[in-house]
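Letters go in sequence order (proteins before strands), and every chain restarts at 1.
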Protein chains: 2
Amino acid sequence: MVEREKLTEEKIFESATEIFLEKGMDGARMRDIADHAGINKSLLNYYYRSKDRLFNAVYEKLAGQLFDMFAPVFDENLSLEEKIRYFFREHISFLQKNPRLPIFILYEVNRNPERFRKLIQKFDFEALWDTLEKQHEKELAKYNISMEMLPQLMSSLAALSVFPFAARSFLEAIFTKLGIDFDDYIEERKKFAAEFTIKALKR
Amino acid sequence: MVEREKLTEEKIFESATEIFLEKGMDGARMRDIADHAGINKSLLNYYYRSKDRLFNAVYEKLAGQLFDMFAPVFDENLSLEEKIRYFFREHISFLQKNPRLPIFILYEVNRNPERFRKLIQKFDFEALWDTLEKQHEKELAKYNISMEMLPQLMSSLAALSVFPFAARSFLEAIFTKLGIDFDDYIEERKKFAAEFTIKALKR
DNA sequence: AATAAATTAAACCAGATGGTCAAATTTAAT
DNA sequence: ATTAAATTTGACCATCTGGTTTAATTTATT
């Protein structure tokens with residue numbers, strides 16, 4: 001039954017996503033995923049041959065989501081400053097809705113780098129690089145940003161937006177002791193990170 | 001036997017540290033730790049009552065190391081700019097020697113926030129906060145940094161230095177496709193992150 | 001050397017885990 | 001309605017896992 005099949009398979013996938021996000025590959029239990037989906041455990045193996053395949057499906061979907069959030073940075077017809085503001089606003093908003101995504105991806109990529117390499121082998125980063133360079137040729141010159149600095153710059157953008165989520169529990173524990181609310185902190189961060197970066201670039 | 005006991009216990013601890021750093025709590029196997037230490041599995045339970053206790057010992061040691069790296073920032077008698085340069089140079093150098101530490105701590109704190117809360121309950125962050133504030137009262141005013149910005153600022157320092165290591169496998173996979181060497185990138189980062197931050201603060 | 005205590009090893013165990021299988025049930029096709 | 005195919009279930013299994021136990025061996029004490 002097509003309709004039913006889709007429902008069950010989706011239910012499994014959604015449950016698996018939740019459990020894997022929370023517990024990681026090693027910590028997740030097939031039984032927990034089945035229970036969470038309200039189905040029999042052998043159905044997991046019926047729809048997805050094994051834990052590894054089920055995990056892969058979830059992993060690729062989530063990694064895809066993460067990458068998609070970077071796409072607009074290369075598309076949008078905005079000035080460099082506008083793009084920086086746009087990036088932090090949209091990316092942090094996305095992470096607010098998917099707070100566990102960063103630590104999940106970072107940890108699982110770390111656990112199995114080869115899987116990640118295979119996943120991104122089709123991507124043409126060189127082309128994106130060139131696009132970015134051409135789009136902002138004048139601005140990069142104006143800000144005195146050399147091509148050799150780009151990896152430092154790009155990873156700093158990622159760092160400023162992703163780190164608070166990857167380190168969420170860590171920061172929350174400390175913030176609590178200082179009377180700081182994590183959600184407020186994140187809300188502020190959209191603007192802070194943008195202004196911080198823009199100031200750092202101006203000379 | 002005192003001498004031998006210490007050797008065995010240390011050997012166990014070092015092996016456990018390596019395995020836990022690599023595989024995390026869930027992925028680590030007591031058998032692997034024993035094999036790595038070249039001893040019988042029951043010795044693990046003889047010296048450390050359980051996997052959980054062994055893990056805790058390792059976790060607390062490593063978390064302590066990480067915190068210690070922040071201490072000089074509060075001690076050293078340096079200007080704010082000097083401190084920023086000092087921080088990135090020393091902290092990143094430390095992480096070069098302990099590259100797996102960040103993702104391990106972030107993941108395990110995330111997996112069990114309560115354990116982390118207990119670990120840091122004795123720390124007086126308020127006091128450190130005040131110290132920092134007093135040390136740099138004039139500079140903070142000069143740079144127009146308000147106290148409300150400090151969490152954003154401090155977490156940005158951490159982000160810029162920690163993120164590249166937490167995301168190491170991720171970045172490495174992409175860098176490889178761009179012909180960038182990760183170690184070179186990290187070496188550059190000590191200065192880049194410092195200058196980036198200092199520029200961001202100046203007005 | 002004799003004895004007690006600490007240390008190590010080997011075998012073992014109960015529970016958990018991913019996965020299988022045969023049978024039953026539901027759905028689609030004739 | 002009958003048949004074939006797809007879906008679901010419950011029981012079951014081999015393996016793995018953290019941990020225990022018992023006995024042997026080594027070390028320290030007298």
A.B. asks: Once you round it to whole Å, what is the distance between P of dA14(C) and CG of Asn45(B)?
C.D. replies: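 Rounded to the whole Å, the gap is 17 Å.
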A.B. asks: The criterion is salt bridge (Lys or Arg N to Asp or Glu O under 4.0 Å); which residues satisfy it with Arg100(B), sequence neighbours excluded?
C.D. replies: none
A.B. asks: By the salt bridge (Lys or Arg N to Asp or Glu O under 4.0 Å) test, which pairs, at least two apart or in different chains, include something from residues 115-133 of chain B?
C.D. replies: Glu114(B)-Arg117(B)
A.B. asks: Contacts to DNA chain D from residues 15-24 of chain B, heavy-atom cutoff under 4.0 Å, which residues?
C.D. replies: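 Listed by number, there are none.
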A.B. asks: Only pairs at least two apart or in different chains count here, so list each salt bridge (Lys or Arg N to Asp or Glu O under 4.0 Å) that has a residue in residues 50-65 of chain B.
C.D. replies: none
A.B. asks: Scan residues 29-44 of chain B against DNA chain D and write down, sorted by residue number, each residue with any heavy atom closer than 4.0 Å; if none is found, say none.
C.D. replies: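 Heavy-atom cutoff 4.0 Å gives Arg29(B), Met30(B), Arg31(B), Lys41(B), Ser42(B).
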A.B. asks: Mind jotting down which residue pairs meet the side chain to side chain donor-acceptor pair (under 3.5 Å) criterion with at least one end in residues 15-30 of chain B? Sequence neighbours excluded, please.
C.D. replies: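 Non-adjacent pairs meeting side chain to side chain donor-acceptor pair (under 3.5 Å): Ser15(B)-His36(B), Glu18(B)-His36(B).
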A.B. asks: Under 3.5 Å, is there a donor-acceptor pair between the Gln121(B) and Lys177(A) side chains?
C.D. replies: no
A.B. asks: With sequence neighbours left out, what residues match Leu101(A) under side chain to side chain contact (heavy atoms under 4.5 Å, CB included)?
C.D. replies: Leu21(A), Leu62(A), Gln65(A), Leu66(A), Phe94(A), Asn98(A), Ile105(A)
A.B. asks: Is any side-chain nitrogen or oxygen of Thr8(B) closer than 4.0 Å to OP1 or OP2 of dT8(C)?
C.D. replies: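 Checking Thr8(B) against dT8(C): at least one side-chain N or O falls below 4.0 Å of OP1 or OP2.
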A.B. asks: Name the atoms and distances for all side-chain donor-acceptor pairs under 3.5 Å in residues 157-170 of chain A, with sequence neighbours left out.
C.D. replies:
| unit_1 | atom_1 | unit_2 | atom_2 | d |
| --- | --- | --- | --- | --- |
| Ser161(A) | OG | His91(A) | ND1 | 2.6 |

A.B. asks: Below 4.0 angstrom from OP1 or OP2 of dT8(D), is there any side-chain N or O of Tyr47(A)?
C.D. replies: yes
A.B. asks: Just jot down the salt bridge (Lys or Arg N to Asp or Glu O under 4.0 Å) partners of Arg85(A), sequence neighbours excluded, or say none.
C.D. replies: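 For Arg85(A) the salt bridge (Lys or Arg N to Asp or Glu O under 4.0 Å) partners, ignoring immediate neighbours, are Glu81(A), Glu195(A).
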